[in-house]
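Basis for what follows: all heavy atoms, side chains included, without hydrogens, waters or symmetry-related copies.
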2 protein chains.
Amino acid sequence: MLSVTVDQLDPTPIYEQLAGIIREKIKAGDLAERQLVPSESSLQQKHGIARGSVRRAMELLREEGWVVTIQGRGTFVAPRENWPGKP
Amino acid sequence: MLSVTVDQLDPTPIYEQLAGIIREKIKAGDLAERQLVPSESSLQQKHGIARGSVRRAMELLREEGWVVTIQGRGTFVAPRENWPGKP
DNA sequence: GAGAATTTGTACGTATGTATG
DNA sequence: ACATACATACGTACAAATTCT
């Protein structure tokens, strides 16, 4: 089963959990290419975590090439050729 | 004495200080029912604080029922029956 | 009605302080 | 000492709604 929210009791860092959740949504096509990813504040509220943790998760996904962030607009699913494991 | 501006050295959060100042103005009748509250940018300049702090103060006052905000128009003092402690 | 200006709404970027394990 | 997490507060940019010229 795919987790839909973070688990505060899980020793895995919150931001890694959240990154994992969003990464899986992208892989599954639930979040499509170039689609707007939910905002930091909405993710913050939905999961009951701090914005800094959301930002760390997004930072991870950016580094991995899953998403692209544009100031003042939002975070978007990156074009498929930027995704990892796509040689 | 009633403070007229926020105090950066006061450990009370800036947005709480500003909310308190405006709340007292409403209670004192300095800002009357349905009157337009100064805009976010003017409050920002007057107190030398960030707009985000002004918005948080307004959010507090909205939640308490002191003011009503309309996009594109401004923030107004709420009708008296919305004020707290008016059963 | 068109266009500029004003005002609030949303979103990201960054820094600092505090608390906890 | 260090990593994690939350709170506050600064800044920037752009969107949306309204008002004014």
Spacing between Leu43(B) atom CG and dT6(C) atom P, to the nearest angstrom: 16 Å

Enclosure of Arg73(A) CZ (heavy-atom neighbours >12, cutoff 6.0 Å): no

Ser53(A) side-chain N/O to dT4(D) phosphate OP1/OP2 under 4.0 Å: no

Phosphate OP1/OP2 of dA5(D): any Tyr15(A) side-chain N/O under 4.0 Å: no

Quick one: side chains of residues 15-23 of chain A, donor-acceptor pairs under 3.5 Å with protein atoms, not counting sequence neighbours, listed by atom name and distance.
unit_1: Gln17(A); atom_1: OE1; unit_2: Asp7(A); atom_2: N; d: 2.7
unit_1: Gln17(A); atom_1: NE2; unit_2: Asp7(A); atom_2: O; d: 3.0
unit_1: Gln17(A); atom_1: NE2; unit_2: Thr12(A); atom_2: O; d: 2.9
unit_1: Arg23(A); atom_1: NE; unit_2: Glu64(A); atom_2: OE1; d: 3.0
unit_1: Arg23(A); atom_1: NH2; unit_2: Glu64(A); atom_2: OE1; d: 3.3
unit_1: Arg23(A); atom_1: NH2; unit_2: Glu64(A); atom_2: OE2; d: 3.2

N/O (side chain, Arg56(A)) to phosphate O (OP1/OP2, dA5(D)) under 4.0 Å: no

Value in whole Å for how far the C1' atom of dA5(D) lies from CD of Glu59(A): 15 Å

Between dC10(D) (C1') and His47(B) (NE2): distance, integer Å: 17 Å

Close side-chain approach of Val37(A) and Met58(A), heavy atoms under 4.5 Å: yes

Rounded interatomic separation in angstrom, taking CG from Leu60(A) and C1' from dT4(D): 14 Å

Val77(A) side chain reached by Trp66(A) side chain, heavy atoms, under 4.5 Å: no

Spacing of Ile14(A) atom CD1 relative to dA3(D) atom C1', expressed in whole Å: 14 Å

Flag side-chain contact, heavy atom, 4.5 Å: Trp83(A) against Ile26(A): yes

SB check Glu59(A) Arg62(A) (cutoff 4.0 Å): no

Reading 5' to 3' through nucleotides 10-21 of chain C, protein heavy-atom contacts under 4.0 Å coded B for base, S for sugar-phosphate only, - for none: BBBBB-------

Sugar-phosphate, base or nothing in reach of Gln8(B), heavy atoms under 4.0 Å: sugar-phosphate

Shortest side-chain distance from Pro13(A), nucleotide among dC10(D), dT8(D), dA5(D): dA5(D)

Separation of atom CG in Leu61(B) from atom C1' in dT8(C), rounded to whole Å: 15 Å

Protein-nucleotide distance (Asp7(A), atom CG; dA5(D), atom P), rounded to Å: 12 Å

May I have the list of side-chain donor-acceptor pairs in residues 29-36 of chain A shorter than 3.5 Å, sequence neighbours left out?
unit_1: Glu33(A); atom_1: OE2; unit_2: Arg80(A); atom_2: N; d: 2.6
unit_1: Gln35(A); atom_1: OE1; unit_2: Ala32(A); atom_2: N; d: 2.8

Partner nucleotide, any strand, of dG17(C) [Watson-Crick/G-U, under 3.5 Å]: dC6(D)

